[in-house]
Undergrad: 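Let me begin by handing over the structure; questions about it come next.
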Amino acid sequence: MGLGNPGRQYEATRHNIGFMALDRFADKHGIKITQSKCKGLLGEGHVAGQKVYLLKPQTYMNLSGESIRAFMDFYKAAIEDLIVVYDDLDTSYGQIRLRYQGSAGGHNGIKSTIAHLGTQSFQRIRMGISRPAPGRDIADYVLSPFSKEEYQEMPKLLDKTVDAMEHILEHPFEKTMAKFNG
């Protein structure tokens with residue numbers, strides 16, 4: 001699951017980096033994320049000998065959990081197979097952090113996901129977008145486009161995230177955390 005907001009005005013914003021990572025993964029593996037299902041856009045394919053589903057909730061960030069819950073129920077998916085990819089203010093730009101559990105840390109998309117899943121224990125890939133300068137409104141910051149310098153570094157960040165997603169398909173999450181967090 002990649003978190004973001006639907007609509008052209010949000011496409012290139014920091015809050016949509018989860019969508020961008022899913023798109024990069026989909027492009028690499030020839031998966032089309034075009035099916036309208038489970039309150040989101042869904043793609044399915046095979047990667048590393050496994051069936052994978054890629055979901056971009058279309059409920060807007062703050063209601064992401066509705067789409068994720070609808071997917072989990074419809075496909076009878078196990079929570080252990082869920083990976084949520086999203087932007088993180090507390091991780092430096094260009095870095096990723098993998099976690100298995102924890103609070104939402106102020107992220108409304110994760111807050112909604114936790115509420116709809118009834119647990120804080122699910123696999124996450126947090127993509128660093130860094131914090132804004134002191135005094136800048138956080139909502140404005142996450143809904144703003146990346147700087148020119150950040151765009152230049154974007155391919156490396158997306159590729160690193162895709163590498164982690166692929167690694168998870170073939171290794172235990174703990175091994176992927178050890179490899180990509182340190």
Side-chain angles (χ1 to χ4, degrees), residues 1-47 50-89 91 96-129 138-139 141-145 157-158 161-162 164-166 168-169 173 176:
M1 315 298 165
L3 302 190
N5 285 310
R8 278 192 146 323
Q9 70 271 34
Y10 299 112
E11 265 179 21
T13 65
R14 289 175 174 86
H15 232 8
N16 271 34
I17 201 164
F19 278 8
M20 294 176 205
L22 246 61
D23 289 340
R24 184 70 152 230
F25 184 93
D27 288 346
K28 183 174 180 181
H29 296 285
I31 299 171
K32 302 228 180 294
I33 306 175
T34 55
Q35 256 184 86
S36 184
K37 201 171 200 173
C38 302
K39 298 183 182 185
L41 290 176
L42 184 68
E44 50 188 283
H46 286 85
V47 179
Q50 294 190 50
K51 178 105 175 186
V52 294
Y53 294 92
L54 305 175
L55 180 70
K56 292 166 46 176
Q58 300 296 290
T59 52
Y60 290 93
M61 182 65 79
N62 295 356
L63 302 174
S64 297
E66 290 179 14
S67 178
I68 293 171
R69 176 85 262 165
F71 172 87
M72 300 294 286
D73 290 346
F74 185 83
Y75 287 97
K76 298 182 181 15
I79 197 89
E80 302 80 43
D81 294 330
L82 174 68
I83 303 164
V84 180
V85 183
Y86 63 99
D87 60 290
D88 183 48
L89 290 164
T91 301
I96 63 172
R97 297 287 300 162
L98 283 73
R99 287 183 71 182
Y100 179 70
Q101 62 184 10
S103 72
H107 194 287
N108 290 330
I110 295 300
K111 204 176 292 181
S112 173
T113 301
I114 289 169
H116 282 85
L117 294 179
T119 183
Q120 293 184 3
S121 298
F122 54 90
Q123 300 170 136
R124 311 159 194 212
I125 300 176
R126 299 170 9 195
M127 300 178 71
I129 61 168
I138 288 179
Y141 176 74
V142 299
L143 295 175
S144 68
L157 175 57
L158 293 174
T161 304
V162 167
M165 293 166 70
E166 292 168 341
I168 292 166
L169 291 173
F173 192 72
T176 305

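What you are looking at is a predicted structure, and each value in this text was computed from that prediction instead of being measured.
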Undergrad: Between Leu158 and Met20, is any pair of side-chain heavy atoms under 4.5 Å apart?
TA: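 With C-beta onward as the side chain, the pair touches.
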Undergrad: What is the distance from atom CE of Met165 to atom OG1 of Thr176, rounded to the nearest 0.5 Å?
TA: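 Here the rounded value is 12.0 Å.
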Undergrad: Quick one: does Phe122's side chain get under 4.5 Å of Met72's, heavy atoms only?
TA: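 No. Closest side-chain heavy atoms not under 4.5 Å.
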Undergrad: Checking Phe71 against Leu82 for the side-chain contact (heavy atoms from CB on, under 4.5 Å) test, could you report, in this order, the C-alpha distance in whole Å, the side-chain angles of both residues, the deciding distance, and whether it holds?
TA: CA-CA 10 Å; Phe71 172 87; Leu82 174 68; 5.9 Å; no
Undergrad: Could you tell me the separation between the CG atom of Leu55 and the CD atom of Gln35, rounded to the nearest 0.5 Å?
TA: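 Answer rounded to 0.5 Å: 10.5 Å.
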Undergrad: Side chain to side chain donor-acceptor pair (under 3.5 Å) with His29: which of His46, Arg24, Glu166?
TA: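 The residue from His46, Arg24, Glu166 that satisfies side chain to side chain donor-acceptor pair (under 3.5 Å) with His29 turns out to be Glu166.
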Undergrad: Output the distance between atom CD1 (Ile110) and atom OG (Ser64), rounded to the nearest 0.5 Å.
TA: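 The OG atom of Ser64 is 7.5 Å from CD1 of Ile110, to the nearest 0.5 Å.
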Undergrad: Over all heavy atoms of both residues, which pair between Arg14 and Ser144 is shortest? Give the atoms and the distance, please.
TA: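 The answer is NH1-OG, 2.6 Å.
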Undergrad: Taking the side chain as every heavy atom from C-beta outward, state whether Thr13 and Asp87 have any pair of such atoms under 4.5 Å apart.
TA: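 Sidechains of Asp87 and Thr13: no contact.
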Undergrad: Just do the side-chain contact (heavy atoms from CB on, under 4.5 Å) check on Leu42 and Phe74 with the steps written out, would you?
TA: CA-CA 12 Å; Leu42 184 68; Phe74 185 83; over 6 Å; no
Undergrad: Tell me whether the count of non-hydrogen atoms from other residues, nucleotides or ligands lying under 6.0 Å of NZ in Lys32 goes above 12.
TA: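 No, because the 6.0 Å sphere around NZ of Lys32 holds 12 heavy atoms or fewer from other groups.
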Undergrad: Evaluate the side-chain proximity of Val85 to Phe25: yes if any heavy-atom separation is below 4.5 Å, no if none is.
TA: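 SC-SC contact between Phe25 and Val85 ruled out.
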Undergrad: For a quick test of reading the model, state the closest non-hydrogen atom pair linking Glu11 to Asn16 and the distance between them.
TA: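 Here Glu11 and Asn16 meet closest at O-CB, 3.7 Å.
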Undergrad: From Ile33 CD1 over to Leu22 CG, what is the distance, rounded to the nearest 0.5 angstrom?
TA: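 Going from CD1 on Ile33 over to CG on Leu22, the span is 4.5 Å.
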Undergrad: Quick one: CZ on Arg69 to OG1 on Thr113, what's the gap to the nearest 0.5 Å?
TA: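 Reported to 0.5 Å precision, the distance equals 11.0 Å.
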Undergrad: How many angstroms lie between atom CD1 of Ile96 and atom OG1 of Thr161, to the nearest 0.5 angstrom?
TA: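 Going from CD1 on Ile96 over to OG1 on Thr161, the span is 4.5 Å.
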Undergrad: Measure across Gly102 and Ile114 and return the closest heavy-atom pair with its distance rounded to 0.1 Å.
TA: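 Looking at all heavy atoms of both residues, the shortest contact is O-CD1, 3.8 Å.
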Undergrad: Pair Asn5, Phe19 - check side-chain contact (heavy atoms from CB on, under 4.5 Å), show working.
TA: CA-CA 8 Å; Asn5 285 310; Phe19 278 8; 5.7 Å; no
Undergrad: Side chains of Leu3 and Pro57: does their closest heavy-atom pair fall under 4.5 Å?
TA: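 They are in contact (side-chain heavy atoms under 4.5 Å apart), so the answer is yes.
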Undergrad: Indicate the ring-plane relationship of Tyr86 and His107, choosing parallel, tilted or perpendicular according to the 30° and 60° boundaries.
TA: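 Tyr86 and His107: perpendicular rings.
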Undergrad: State, to 0.1 Å, how close Ile125 and Ala164 come at their nearest heavy-atom pair, and which atoms those are.
TA: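 Smallest interatomic distance, heavy atoms only, reads CD1-CB, 4.2 Å.
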Undergrad: For Lys39 and Thr59, what are the C-alpha separation, side-chain angles and deciding distance, and is it a side-chain contact (heavy atoms from CB on, under 4.5 Å)?
TA: CA-CA 6 Å; Lys39 298 183 182 185; Thr59 52; 3.8 Å; yes
Undergrad: With heavy-atom distances below 4.5 Å as the criterion, would you say the side chains of Gln123 and Leu98 are in contact?
TA: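 In short, these two side chains do not touch, never coming nearer than 4.5 Å.
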Undergrad: Taking Thr91 for the side chain and Met127 for the main chain, is one N or O donor matched with an acceptor at less than 3.5 Å?
TA: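 No.
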